[in-house]
Amino acid sequence: MVTRRIPHFDLAQIAESGQCFRLNREGPNWRLIAHGKVLQMRQHGETVQFLCTQKAFEEIWRGYFDLDTDYGTFLASPAPDDSYLAGAAAYGSGIRILRQDPWETLVTFLLSQRKNISAIRSAVEALCTRFGKPIHRGKETFYAFPTAKTLARCSPEDLSACSLGYRVPYVADAAKKVACGALDLPSLNGLDNDALQEALLRIHGVGIKVASCVALFGYHRLDCFPRDVWINRVLETHYGGRFDPLRYKGFAGVIQQYLFYYARNEKIDHR
DNA sequence: TGCCAGGCTTCAC
DNA sequence: GTGAAGCATGGC
């Protein structure tokens, strides 16, 4: 087990921030399935326990949770005249931008379109349960996110059974391109933001919004500022459409997450 | 029960 | 180039 005191870190906020869909509360613990592994965690205030070896923590999870980035700087960045953003940042001060697997991020955001977050979770879990490699831990069995090769072999009916709806051909196209080598996701790491986005846009079903989510959450391009229905609503309602992400150059994606999480919970709280 | 969801493609014009 | 229609399905 690895114990760390981590400021500006909140597993509940990360789980509800809409960037990842396989981080769940399990009684007093948290369970994450990522990079083909199952990780359990506990958090009390700033103290976080990772139930893994020191080696796994250093090699995978420390980077995954972006623990070497100073989020204090981001949290202190809102312009003095922007009380809405200051409130949003304070509200979601434990959010981190995870370093997720590009393939998993691509598929989850392909199928995120016109689905709410609960529905995305269900569809992702269905894909994993049906097509993911089993991970055995004691008496329990979990499932890794399915590989491109596996999904490329699936029939439209197979994919359809995971509630993908009209997104079936999108996922199928992405899987085939990656499986046959026409699209080499790891090599896209070497591209600048514009070239990366351009490469992602060649996939059927990937538009500007999905491409920027994949860039932000799968390639850790903190500069990317995805605009979805929530963000557009916030920018229209609270900024009269005049919000400029360039004001937060280098970390606009973090700011976007604060705004998204705040706006979404604002609505949930008012139900 | 009906509305809406971390949008995109297609097709008029 | 721009705008609107159409899309499958689950969750609330």
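To find a chain, count down the sequence lines: A is the first, B the second, and so on, and within it residues start at 1.
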Item to check | Near-strand residues of residues 195-206 of chain A, defined as heavy-atom separation under 4.0 angstrom from DNA chain B | outcome: A:His204, A:Gly205, A:Val206

Next on the checklist: Quick check: A:Phe243 with A:Phe225 (ring centres under 6.0 Å apart)?
Outcome noted: yes

Checklist entry - Within this structure, what is the CH2-to-P distance between A:Trp230 and B:dA5, rounded to whole angstrom? => result 7 Å

Next on the checklist: Just N and O in the side chain of A:Ser160: are any of them under 4.0 Å from OP1 or OP2 of C:dA8?
Outcome noted: no

Checklist outcome for this item: 5'-most contact on DNA chain C (nearest-nucleotide basis), A:Arg167 vs A:Ser118, goes to A:Arg167

Item to check | Strand-adjacent residues in residues 207-222 of chain A, judged by heavy atoms under 4.0 Å from DNA chain B | outcome: A:Gly207, A:Ile208, A:Lys209, A:Val210, A:Phe217

Next on the checklist: So that I can tick it off, tell me whether A:Asp81 and A:Arg247 are bridged by a salt bridge, with the cut-off set at under 4.0 angstrom between side-chain N and carboxylate O.
Outcome noted: yes

Checklist entry - Is the ring centre of A:Phe109 under 5.5 Å from the base ring centre of B:dG6, and are the two planes under 30° apart, so that they stack? => result no

Checklist entry - Taking A:Gln257 for the side chain and A:Ile97 for the main chain, is one N or O donor matched with an acceptor at less than 3.5 Å? => result no

Next on the checklist: Whole angstroms only, please: what is the CG-C1' distance between A:Leu159 and C:dA8?
Outcome noted: 14 Å

Next on the checklist: If you assign each of A:Ala119 and A:Arg114 to its closest nucleotide in DNA chain C, which residue comes earlier from the 5' end?
Outcome noted: A:Arg114

Next on the checklist: side chain to side chain contact (heavy atoms under 4.5 Å, CB included), that's the test. Do A:Phe131 and A:Cys162 meet it? Break it down for me.
Outcome noted: CA-CA 10 Å; A:Phe131 305 116; A:Cys162 301; 3.9 Å; yes

Next on the checklist: For a quick check of understanding: with a heavy-atom distance under 4.0 Å over all strands, which category does A:Thr108 fall into, base, sugar-phosphate or nothing?
Outcome noted: nothing

Checklist outcome for this item: Between OH of A:Tyr261 and P of B:dG6 the distance, given in whole Å, is 15 Å

Next on the checklist: Can you tell me which residue among A:Tyr84, A:Tyr258, A:Tyr261 is in a ring pair (Phe, Tyr, Trp, His ring centres under 6.0 Å) with A:Tyr91?
Outcome noted: A:Tyr261

Checklist entry - Base, sugar-phosphate, or nothing: which does A:Leu164 touch, judged by heavy atoms less than 4.0 Å apart? => result nothing

Next on the checklist: Rounded to whole Å, how long is the line connecting atom CD1 of A:Ile120 with atom P of B:dA5?
Outcome noted: 12 Å

Checklist entry - What integer distance in Å separates A:Arg227:CZ from B:dC8:C1'? => result 18 Å

Checklist entry - Shortest non-hydrogen contact from A:Val48 to A:Phe9? => result CG2-CD2, 3.7 Å

Next on the checklist: Between C:dG6 and B:dG6, how many Å separate the two P atoms, rounded to a whole number?
Outcome noted: 23 Å

Checklist entry - When the distance from CZ of A:Phe260 to P of B:dA5 is rounded to whole Å, what number comes out? => result 11 Å

Next on the checklist: Without decimals, in angstroms, what is the distance between A:Gln113 CD and C:dT9 C1'?
Outcome noted: 13 Å

Item to check | Given A:Arg62, A:Arg4, A:Arg96, the one that forms salt bridge (charged side-chain N to carboxylate O under 4.0 Å, His left out) with A:Asp68 | outcome: A:Arg62

Checklist entry - With sequence neighbours left out, what residues match A:Thr73 under side-chain hydrogen bond (donor to acceptor under 3.5 Å, both in side chains)? => result A:Asp70

Item to check | B:dC4 and C:dA8, which share atom name C1', separated by this distance in whole Å | outcome: 13 Å

Checklist entry - Rounded to the Å, how far apart are A:Asp173 CG and B:dT10 P? => result 11 Å

Checklist entry - What about A:Tyr170, does its side chain sit under 3.5 Å from the base of B:dG7 through a donor-acceptor pair? => result no

Checklist entry - Can any side-chain N or O of A:Thr237 pair as donor or acceptor with the backbone N or O of A:Val234 at less than 3.5 Å? => result no

Next on the checklist: Hydrogens and angles aside, do A:Asn29 and A:Arg42 bring a side-chain donor and acceptor to less than 3.5 Å of each other?
Outcome noted: yes

Next on the checklist: Of the options C:dT9, C:dG11, B:dG6, whose atoms approach the side-chain atoms of A:Ser163 most closely?
Outcome noted: C:dT9

